[in-house]
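Here the structure is laid out as structure tokens; the discussion comes afterwards.
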Amino acid sequence: MPELPEVETVVRDLRPLLTGRVITAVRRSAFKLRRTWNPAWAAALAGTRVEAVRRRGKWILVDLECKADPPPNPLPEGRGRKADPPPNPLPSGRGSSGATSRELDSQIGSNVALLPFPLGRGPGGRSSPLLRVHLGMTGQFTVVPADAPEPDHLHAVFALDNGHELRFRDQRRFGSAEFFADRAAVESEMNAELGPEPFNIDADYFRAAVSGTGRNLKAVLLDQTVVAGVGNIYADEACFRAKLHPGRPGNKLTAGECDALREAVEAVLTRAIESRGSTIRDYVGGSGLRGGFQNEFAVYGRTGEPCPTCAAAVVCARYAGRASHFCPRCQAPEGQKPATGKKKRTTRGK
DNA sequence: CTGTAATCCTGCGAGC
DNA sequence: TGCTCGCAGGATTACA
């Protein structure tokens, strides 16, 4: 579920709970996530202090402060340092607290190949590390007391210095958690791949991006390189708000329509953030609260129900490979009459 | 270049 | 009640 408003809500929830806290230990389940977890990251993370919690598009960025004495080589061979219990610093959940964590195991024993860090440590040996998390479809990122019962599908646990834990849970495992030693490098990489944040988007930029392509509006809005953070729900809601058909090719829009779409995207996302995002099924904010914007959907998930504006039945068709909901009257495709019987077949073969 | 499909997963509702 | 099927918030890759 997590699109920008949901991720923003998580970030806002986590910020006061994490800022200034020290990560004392990390546990990771043996299950693979979308991106490979390097077992050495647990040791690299231990001892770092959370400097800030931010968001970029749908990515959660946890800025970390380096430990006082960063180990020259964070790979497992350096485990002899200090008097820490070596491989798995946290008491294994299954051992200590009974039947709580069947899934969580020492990541050391996993069969995941040892990979180099995605980006190397900065030249000076000193660098600003980053924990980057993507919630995928069903990810949850919350802070709870360490003795809170462990739920299913728990894949990463970051123990904090105040008796709480930052937990990453993800039923479908489309999400990811990664550690980067060099924050600046990741950021420039992300900025190269992601479009601007969907607030105060430059009007000229957006017009050019939309009218410069023959792709349909749904595809354009879902494209993270055009604007970062829009997903299926808010793409549909934005098209409705702008009274534009999601299947319209971008290069068929007038400048005014481009502006309307841009304003609709910003307005919908702003409203959704105010409502703490949308909870369809699994989504919860960083403090475990659910969202409320699902009660304000005009078209998303309302197939067959009346359009809030004109009462025509909301239609669902497939654009850009995604279920797309719209009002056939308010969002009639340009040059096509609102009430023609021509129905678009969108079955995807077999 | 665009678009479509498949993939990574689990779970849930619809339909039989 | 129980089974199978299709589909679900995302991102990436391959192929037509």
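For clarity, every value in this text was computed on a predicted model and none was experimentally measured. We name chains A, B, ... by the order of the sequence lines, and we start the count at 1 in each one. When reading the values below, keep in mind they use all heavy atoms of this one structure, side chains included, and skip hydrogens, waters and symmetry mates.
Checking A:Gln171 against A:Arg34, the closest nucleotide of DNA chain B that is more toward the 5' end is the one next to A:Arg34. Mapping A:Glu193 and A:Asn232 onto DNA chain C via the closest heavy atom, the residue that lands nearer the 5' end is A:Asn232.
Taking the six-membered ring for Trp and the full ring otherwise, the centers of A:His153 and A:Phe168 sit at least 6.0 Å from each other. Ring centroid separation for the pair A:His325 and A:Tyr300 comes in under the 6.0 Å cut-off.
Residues satisfying the side chain to side chain donor-acceptor pair (under 3.5 Å) criterion with A:Thr225, sequence neighbours excluded, are A:Asp223.
Taking the P atoms as reference points, B:dC9 lies 24 Å from C:dC3, given to the whole Å. Look at the P atom in both C:dC5 and B:dA6: the space between them is 16 Å, to the nearest Å. The gap from the C1' atom of B:dA5 to that of C:dG6 amounts to 15 Å, rounded to the nearest Å.
As the counterpart of B:dC12, C:dG6 is assigned, both hydrogen-bonding distances of the Watson-Crick or G-U wobble pattern falling under 3.5 Å.
Listed candidates were C:dT12, B:dT10, B:dG3. Nearest to the side chain of A:Ala219 is B:dG3. Comparing C:dA11, C:dA8, B:dG11 by their nearest atom to the side chain of A:His134 picks out C:dA11.
Not one side-chain nitrogen or oxygen of A:Arg172 sits closer than 4.0 Å to the OP1 or OP2 atom of C:dG10.
In this structure, A:His153 atom NE2 and B:dC12 atom C1' are separated by 13 Å, rounded to whole Å.
Among the heavy atoms of the strands lying under 4.0 Å from A:Arg173 are primed sugar atoms or P, OP1, OP2 only; no base atom is included. Within 4.0 Å (heavy atoms only), A:Asn216 reaches sugar-phosphate atoms of the nucleic acid but no base atom.
Evaluated for a side-chain contact (heavy atoms from CB on, under 4.5 Å) with A:His155, the options A:Lys32, A:Arg28, A:Arg169 yield exactly one hit, A:Arg28.
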